[in-house]
Amino acid sequence: MGKSYNIAVMPGDGTGPEVVGEAVKVLSAAENKFGFTLNKTTFDLGGERYLKTGDILPDKDFAELKKNDAILLGAVGHVNVKPGILERGLLLKIRFELDQYINLRPVKLFPGVESPIRGKGPKEIDYTVVRENTGGLYTGFGGVAMKGTPHEVAEQCMVYNRHQVERCLRFAFEYARKHGKKARGVGENNTLALIGKTNVLVYVFDLWERAFHEIGEQDYPDVKREYYHVDATCLYMVTNPEWFDVLVTTNMFGDIITDLGAITQGGLGVAAGGNINPSGLSMFEPIGGTAPSWTGKNAINPIAAIGAGAMMLQHLGETEAAAAIENAIRQTTPKMKSQLANQMGFTTTQVGDLVAAAV
Ligand code: IPM
Ligand code: MN
């Protein structure tokens, strides 16, 4: 008998339920093939429920959510809910309260997927961003005074302490050691690049830079260390993505560069990520949003959600099944005309069927 895991499924809003449905379909195929069980509980959280009941994440639901081994999320956001309410009340609340301090975002171009970058293929676009996920500009330090007057002052601070920086860097070094280009047999080194702005944000990035070299020198001498400014990183992500292996950066910079990364790998329909607490409860999600205009049309791309399912299995230790799903994705993307909604040459459910069959 294989292992069994409790999974919280949060389909959310918009196209979330459609893509999560396909992820669950593919996960079921993996369960059958590899003999483990995912006991799934669906949580009705998101904009629809908020509009009906005023609930965002009630304590009772949160307590139930916490009983699970992992969370699979579709998307949250609703056209009739003021931006920020669900993001902060649900998504960020889960990240913060479950201390999911890593946001792991692979930037991988799958075979047959067209990148907007000319001349770069799956060999060149193949790296991972480790985004610090609970600190920095997202901490909420700051305030406003004299609001609405000509003297209004607003402040929002980038704050980090050594503890947050260190645990994020250690995760990134470990990740580079285990999953870097050398470990995967596709490069000479396992390389970790710190992405910062040491030339301007001299306090915060001095802390990051010192910790980076201290920890690297002491505990990860086998991992090659590099540093890039964040603006230059955006440039190189387009001109020389092959330079990158594993990148580590702050919450806000990571948010921004992973959207750029996502478009280079074929768009938000493909990009998956994991909000990880290495010793707690983690949450996996397609990076894309709710895509309101495609909702209910069976036209949205489920590859990102399916990829998030694979990352979840990897995290749970079902590494063979995770690899099988990734391979199944690699067999499916070349058959698709495009990764854009309604242009895939298949419906959402057909793409799910193809991946599930390949598993
Ligand atoms: C992301 C999103 C979130 C973030 C928003 C929805 C709060 O953009 O997951 O990247 O900023 O982290
Ligand atoms: Mn984002």
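These figures come from a predicted structure and were not determined experimentally. In listed order, ligands and their atoms are each counted from 1.
In summary, the side chains of Arg177 and Asn190 do not present any donor paired with an acceptor at a separation below 3.5 Å, with no hydrogens or angles considered.
Under a 4.0 Å N-O distance rule, the pair Lys25/Asp353 qualifies as a salt bridge. Note on Glu326 versus Lys108: salt bridge recorded, some NZ/NE/NH1/NH2 to OD/OE distance being below 4.0 Å.
By the criterion of side-chain heavy atoms lying less than 4.5 angstrom apart, applied directly or through intervening Ile, Leu, Val, Met, Phe, Trp or Tyr residues, Leu194 is grouped together with Tyr220 in one hydrophobic cluster.
Listed by chain and number, Asp255 OD1 are the protein N/O/S atoms closer than 2.8 Å to the Mn ion (ligand 2), with waters left out.
Residues forming a salt bridge (charged side-chain N to carboxylate O under 4.0 Å, His left out) with Glu31 (at least two apart in sequence, or on another chain): Lys40.
Residues of the protein with a heavy atom under 4.0 Å from ligand 1 are Glu87, Leu91, Arg95, Arg105, Arg131, Tyr138, Asp255, listed by chain and number.
Aromatic ring centroids of Tyr227 and Phe212 lie 6.0 Å or more apart.
Note on residues 311-359: pairs passing ring pair (Phe, Tyr, Trp, His ring centres under 6.0 Å), not counting sequence neighbours, are Phe284-His315.
Here the options are Ile7, Val359, Leu72, the test is side-chain contact (heavy atoms from CB on, under 4.5 Å), and the partner is Leu27; only Leu72 passes.
Ring-plane geometry between Tyr5 and Phe36 is classed as perpendicular, the angle between the planes exceeding 60 degrees on a 0 to 90 degree scale with a lower cut at 30.
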